[in-house]
Amino acid sequence: MIAPHRSLTTAAVALLALIWAAPTNAQEVKTIQLGKNAGSASSFHGTTNGRLRTFSSDNEARGIVRSVLAAMGLPLRFEVRAAAVGNAAAILQPDGSRLILYNTLFIDEIRARTGRYWSLISIMAHEVGHHLAFHLAKNIEDHEAELEADYFSGYILAKMGAGKDDALAAMNEIAADEATKTHPARKERLQAIAAGWKNGREGVNAKPDQALASVPRQRAPATIKTSRGISHRGSPRASADACADNLGTFYCVSSYLPTSGVNRSDYGPASLFDGSDRTAWVEGRTARRDDGIGEWILLDWQRERRVKALILKNGYLKSNRLFKANGRVTQLRARFSNGETINIDLQDSTRQQTLSLPKPQTATWVQLEILKAKRGAKYSDTAVTELGLRFE
Ligand SMILES: [Zn+2]
């Protein structure tokens, strides 16, 4: 009785494997150009350049990227494609579209060598980290960016329930012993993943409800919005109207425009880091036609780091019409946790702006208050599409 049963099982497994391996849609081919004046890339290790043939991804790869983003409360807004990259890569194309590419052979090899499914998730999480931390905006491929992406992968895996060894497995197998021009040495990268994993585990994981995007919180007392009301030691996070967690960096806002229906959270703080120009934070205080003066965004990254610049896309970039219709920030007051206050002028432009600080600030958070705004032609709501930090 055992033999036929076994062969039946084997047949069933073979059939399942066949179904699993079969492409779910035709292998549509698309060529991507990288390098000068074309898309920029950052890869898991090694470099990725030139013309790339890419193929529609299987559901599994898309599913992994989707689940990484879902753990942060974000929808899948990246295209995931199989490609002839060395391993895996995050790509920003000139039209602003974002891709994650992966080499199917590399993925299979890693799965076999680590024997852990989590290793695939950690590689994809690393690439998601490159997108969400603005590493691709200026074709930046440096050690700091790699360690940040590694930290992100550890953080998100902890939040998804992985053990520390699960989070470290892929890097343990792949990373070079010694640092290369583009990537740090294994030891440093493992430390970054472990630090991320620890923070993900200890911090937000204890309260998963806080980790989801645009969690409405108690409305701030009016006085907290004046510059005198804020303690330099304690983060003003508690007085925010809503917060969203970008892999350990909390984005909190004093207000946001409520909407109804499926796009409910589109104007909330998660819009500031979702990698999409189609969504924006809109401050939403319309009653006084105040253009959002006094409203603020807080970025709280919870550990001391040296900030050297802010990266920002001003206004509501979804379309030219909406950009003109809504307000843009023309001056911000940046207040750091170390007590430093810096006024920063912004351009009324649809281009991404890098706002370098006069000197780097060692801090754990920065609160950006709108001091001046250019009023929108139609609405008195002021918007910011994307916001990030550049650390030293
Ligand atoms: Zn990388």
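In each ligand, atom 1 is the first atom listed, and ligand 1 is the first ligand listed.
- By the side chain to side chain contact (heavy atoms under 4.5 Å, CB included) test, Ala185 pairs with Ala179, sequence neighbours left out.
- Rounding to 10 degrees gives 90° for the angle at the Zn ion (ligand 1) between NE2 of His126 and NE2 of His130.
- Applying the 6.0 Å contact sphere to CZ of Arg321 captures no more than 12 heavy atoms from other residues, nucleotides or ligands.
- Shortest distance from the Zn ion (ligand 1) to Glu146 is reached at OE1 (N/O/S atoms only).
- Contact annotation: His183 places no N, O or S atom under 2.8 Å from the Zn ion (ligand 1).
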### Message
Quick one, Asn314 with Gln347, criterion side chain to side chain donor-acceptor pair (under 3.5 Å). Give me CA distance, side-chain angles, the key distance, then yes/no.
### Response
CA-CA 8 Å; Asn314 210 350; Gln347 286 162 8; over 6 Å; no
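- The salt bridge (Lys or Arg N to Asp or Glu O under 4.0 Å) search around Asp165 returns none, not counting sequence neighbours.
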